[in-house]
**Q** 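After the structure tokens below, expect a handful of questions from me.
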Protein chains: 4
Amino acid sequence: MRKRPQQQRSRQMVETLVDATARCIVENGLDGATTPRIAELAGVSVGSLYQYFDGKEALIEALVERMAADIAKGLKRLPMEPTGNLRDMISAAIRFGFTLLNSGDGLYVELVRNWHRLPTQKVADTLQQHFLELARLYFLKHYREHPVENLQVRTFIIVNSTIFTMVRLISQDHPLVRQEDVAEGLIEMIVGYMESGPQAA
Amino acid sequence: MRKRPQQQRSRQMVETLVDATARCIVENGLDGATTPRIAELAGVSVGSLYQYFDGKEALIEALVERMAADIAKGLKRLPMEPTGNLRDMISAAIRFGFTLLNSGDGLYVELVRNWHRLPTQKVADTLQQHFLELARLYFLKHYREHPVENLQVRTFIIVNSTIFTMVRLISQDHPLVRQEDVAEGLIEMIVGYMESGPQAA
Amino acid sequence: MRKRPQQQRSRQMVETLVDATARCIVENGLDGATTPRIAELAGVSVGSLYQYFDGKEALIEALVERMAADIAKGLKRLPMEPTGNLRDMISAAIRFGFTLLNSGDGLYVELVRNWHRLPTQKVADTLQQHFLELARLYFLKHYREHPVENLQVRTFIIVNSTIFTMVRLISQDHPLVRQEDVAEGLIEMIVGYMESGPQAA
Amino acid sequence: MRKRPQQQRSRQMVETLVDATARCIVENGLDGATTPRIAELAGVSVGSLYQYFDGKEALIEALVERMAADIAKGLKRLPMEPTGNLRDMISAAIRFGFTLLNSGDGLYVELVRNWHRLPTQKVADTLQQHFLELARLYFLKHYREHPVENLQVRTFIIVNSTIFTMVRLISQDHPLVRQEDVAEGLIEMIVGYMESGPQAA
DNA sequence: GATGAATGAGCTTTCATTCAT
DNA sequence: AATGAATGAAAGCTCATTCAT
């Protein structure tokens, strides 16, 4: 970002532009979201856009960050106490995921689809960190001992498996399987996996 | 394809162009693979490219189809008899997947990453069909009865979970987890899932 | 037009571009009037051209419209009162036509020649409407009664006969007949035709 | 033409190519008639096309010439004796014109529309010559004396007026006037003109 | 003679970005 | 600060024509 938004007006402008970016992606897809279109949607000149952002990438980065923050906030609100039941926690997380991906008029789905062209490292890390910590605490409560490294692998697998399976499903024009069934399947699979073996994979 | 290659020379040309497309994607990414660049890499004029292919899309479609054929061939060679051991089968499939994705200088990975912009429906269906059939036979042998619908959901989940987890892993610049560990984790997870419950999820 | 010109500068730009289009057609013919050439003639980048016009067609449409307006203005200035003498009116119109077609370095001629590839419907209609109305008024004054439908046919015939005969003549490299003679011939023919019969053809 | 078609086969090839050109123009318009398309329609390679014709222009020239010959033949068959009635002669000519333009699936119309991009000088001259001669003979019979120069102007006017009025009419998507009415109008106008004045315009 | 593969200049169009106003 | 006019490299694609086979 070019400028620290210090004034009220500036913070407003940044907001507006990021909003416009989101809307533009929803309406035109990531590739169709051009700077002129975004500026127009924001009701602002291209020049102004570049006054607040270094370019298209920066704009999208800001959007991704904002969404990451939203997701983090959402996750924290989930009833996931490490003292609780594992299946319930996982179920809550997966249903939260579906809800999120189905919201925003396809914005989330479009962004996840294009993850490799976006600055998503941070988001991915956040998610992974969140679930890793959760798992750590959970297993600490329930088993006392557990190999952390192993947990990292498990977290990596379940986070990615879940997200991309969901996105693939939602992206299908004529899905052959129902979301509800996939949600239950994922829960089944992940619960089984997390409870499996001598915590050593 | 625009023209049925009638001479020896032209069949050669088609090959060369698809090869060039592959190399171009490897070197420049999918977005960077432009018709001028592909033609240049192929040592051919743009005009020639358009004599054989309707455009960029057709070129990529041809590449995808060729790769799909390769994958299908590879899958058939895998030692996966429905009479065999489930874990061994899954293990073989996953290791085959990693081998494939690690080959081709990142071509496979780049293509999977961009799945939603490619004519991949066929490939995805093929894979799913393949494993669905395999699962069907396997469970027929071992349990006699099983709900097919359910199998479809499971196949969908495991195929997508596996592929995208792998691609995400390989895409990381500084992976925090080792491929070997992820391979084992995936095997563990999938075997557990496929054996779980009264075949009803 | 793509953009409503908001600044002084941009209204200028639109003018410049339409001018350049006209000059380009004069110099290179309608087919030779390409967007790069027009932009260059205008002393402007191609990009700018596309900021103001949707493309070549839009550019030409703008030119045609401007010329149509000019023609309309010219026609209105002609001393053609329905109270006047028929031959004088027709003579004035035909001489105006020749003057117009001989002006603009051949621009008009080139455009009429290519009428079928241009958005000329409006122009043609305008002309026809103009003369139809004139004829209507004239005959109302002089004969009281006359079949209107018939007038429409007559107008169609004389407008097209006149214009294309003129254009064909001007297009000839080594005309075998003189413009003056053709002008008089046309006048003779049309006057005769308009006065002929019991207004029923 | 590159080659005098001396062998049976060659003459056949030339025929075939010119036929294909005609069909191609009908199907794709003059601009859409490309050499590859023509060759394909002819069931011949582009190479062969260039063996018999110097290029696209030559091909079209050949077509135009063939059509000119057809027209000339048709004109000669018309019952137009200079001893006959003027109106009947003109009527026959105009009806012949409409018949021709309505035939050939629009080929004639498309060619006349694009007259200025075609080698039509000869065709035009032929037509003009034909009617000039006819007029000369006619007036010789009926009036003994008449100024030839004047006849040339008249011929020029009536030929062009007629043809382009017809083509304009046929080109209209939703004609506001009927062909029959226009035919009669043209006849009226031309007869009047040819009979007008002391043969001096 | 016949073939059709190969050419490449040139067209239309887009869009991230700059900079004079 | 804000504007939006201007840029121009680069993309996708066509087609008349040539020439090795």
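Sequence lines set the chain letters: A, B, ... in the order given, protein chains first and strands last, and positions in each chain run from 1.
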**Q** Go through the steps to decide whether V167(A) and Y108(A) satisfy the test side-chain contact (heavy atoms from CB on, under 4.5 Å), and finish with yes or no.
**A** CA-CA 9 Å; V167(A) 168; Y108(A) 284 89; over 6 Å; no
**Q** Within the supplied structure, the quantity of interest is the number of heavy atoms (other residues, nucleotides, ligands) at a distance under 6.0 Å from E57(A) CD; does it exceed 12?
**A**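 Result for CD/E57(A): open.
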**Q** Between the base of dA6(F) and the side chain of Q51(C), is there any donor-acceptor pair under 3.5 Å?
**A**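 Indeed, a donor on one side and an acceptor on the other fall under 3.5 Å apart.
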**Q** So does V64(C) get a backbone contact from the side chain of K122(C), meaning a donor-acceptor N/O pair under 3.5 Å?
**A**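 Here the side-chain-to-backbone pair does not exist.
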**Q** In whole Å, I'd like the distance from the CG atom of L17(A) to the P atom of dA1(F).
**A**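 Rounded to the whole Å, the gap is 14 Å.
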**Q** Rounded to the nearest angstrom, tell me the gap between atom CG in L49(B) and atom C1' in dA9(E).
**A**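 Value for this atom pair: 16 Å.
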**Q** Can you tell me the distance, in whole Å, between the CG atom of L30(D) and the P atom of dA16(F)?
**A**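 The answer, rounded to whole Å, is 11 Å.
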**Q** Tell me whether D70(B) at atom CG has more than 12 heavy atoms from other residues, nucleotides or ligands lying less than 6.0 Å away.
**A**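 It does: D70(B) CG has more than 12 such atoms within range.
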**Q** Are more than 12 heavy atoms, taken from residues, nucleotides or ligands other than E65(C), located less than 6.0 Å from that residue's CD atom?
**A**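 Check passes, neighbour count above 12.
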**Q** Over how many whole Å does the gap from L59(C) atom CG to dT12(E) atom P extend?
**A**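 Rounded to whole Å, this separation is 10 Å.
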**Q** How do S48(C) and S48(B) order along DNA chain E: which one's closest nucleotide is nearer the 5' end?
**A**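 Between the two, 5'-proximity favours S48(B).
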**Q** In whole angstroms, how far is the C1' atom of dC11(E) from the CG atom of N28(C)?
**A**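 Taking CG of N28(C) and C1' of dC11(E), I get 14 Å after rounding.
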**Q** Please report, rounded to the nearest Å, how far the C1' atom of dA9(E) is from the CG atom of D31(C).
**A**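 Whole-Å distance recorded here is 17 Å.
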**Q** Rounded to the nearest Å, what distance is computed from the CD atom of residue E40(C) to the P atom of nucleotide dT7(F)?
**A**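 Checked: the CD to P distance equals 13 Å.
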**Q** Counting only side-chain nitrogens and oxygens, does S45(D) get under 4.0 Å of the OP1 or OP2 atom of dG4(E)?
**A**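 So the side-chain polar atoms of S45(D) never come under 4.0 Å of the phosphate oxygens OP1 or OP2 of dG4(E).
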**Q** I38(D) has an atom CD1; how far is it from atom P of dC15(F), in whole Å?
**A**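 One finds 12 Å between P of dC15(F) and CD1 of I38(D), rounded.
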**Q** For a 4.5 angstrom cut-off between non-hydrogen side-chain atoms, does H116(B) reach S171(A)?
**A**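 No, too far: nothing below the 4.5 Å cut-off.
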**Q** With sequence neighbours excluded, tell me which residues meet salt bridge (Lys or Arg N to Asp or Glu O under 4.0 Å) with R117(A).
**A**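 Here the qualifying residues are D31(A), D31(B).
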**Q** What pairs of nitrogen or oxygen atoms, one from the protein and one from nucleotides 11-13 of chain F, lie under 3.5 Å apart?
**A**
residue, atom, partner, partner atom, Å
dG12(F), OP2, T35(B), N, 2.8
dG12(F), OP2, T35(B), OG1, 2.6
dC13(F), OP2, Y50(B), OH, 2.5
dC13(F), OP2, K56(B), N, 3.4
dC13(F), O5', Y50(B), OH, 3.3

**Q** Using Watson-Crick or G-U wobble geometry with both distances under 3.5 Å, which nucleotide pairs with dA16(F)?
**A**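 WC or wobble partner is dT7(E).
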**Q** Should dA1(F) form a Watson-Crick or G-U wobble pair with both distances under 3.5 Å, which nucleotide is its partner?
**A**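 dA1(F) is paired with nothing.
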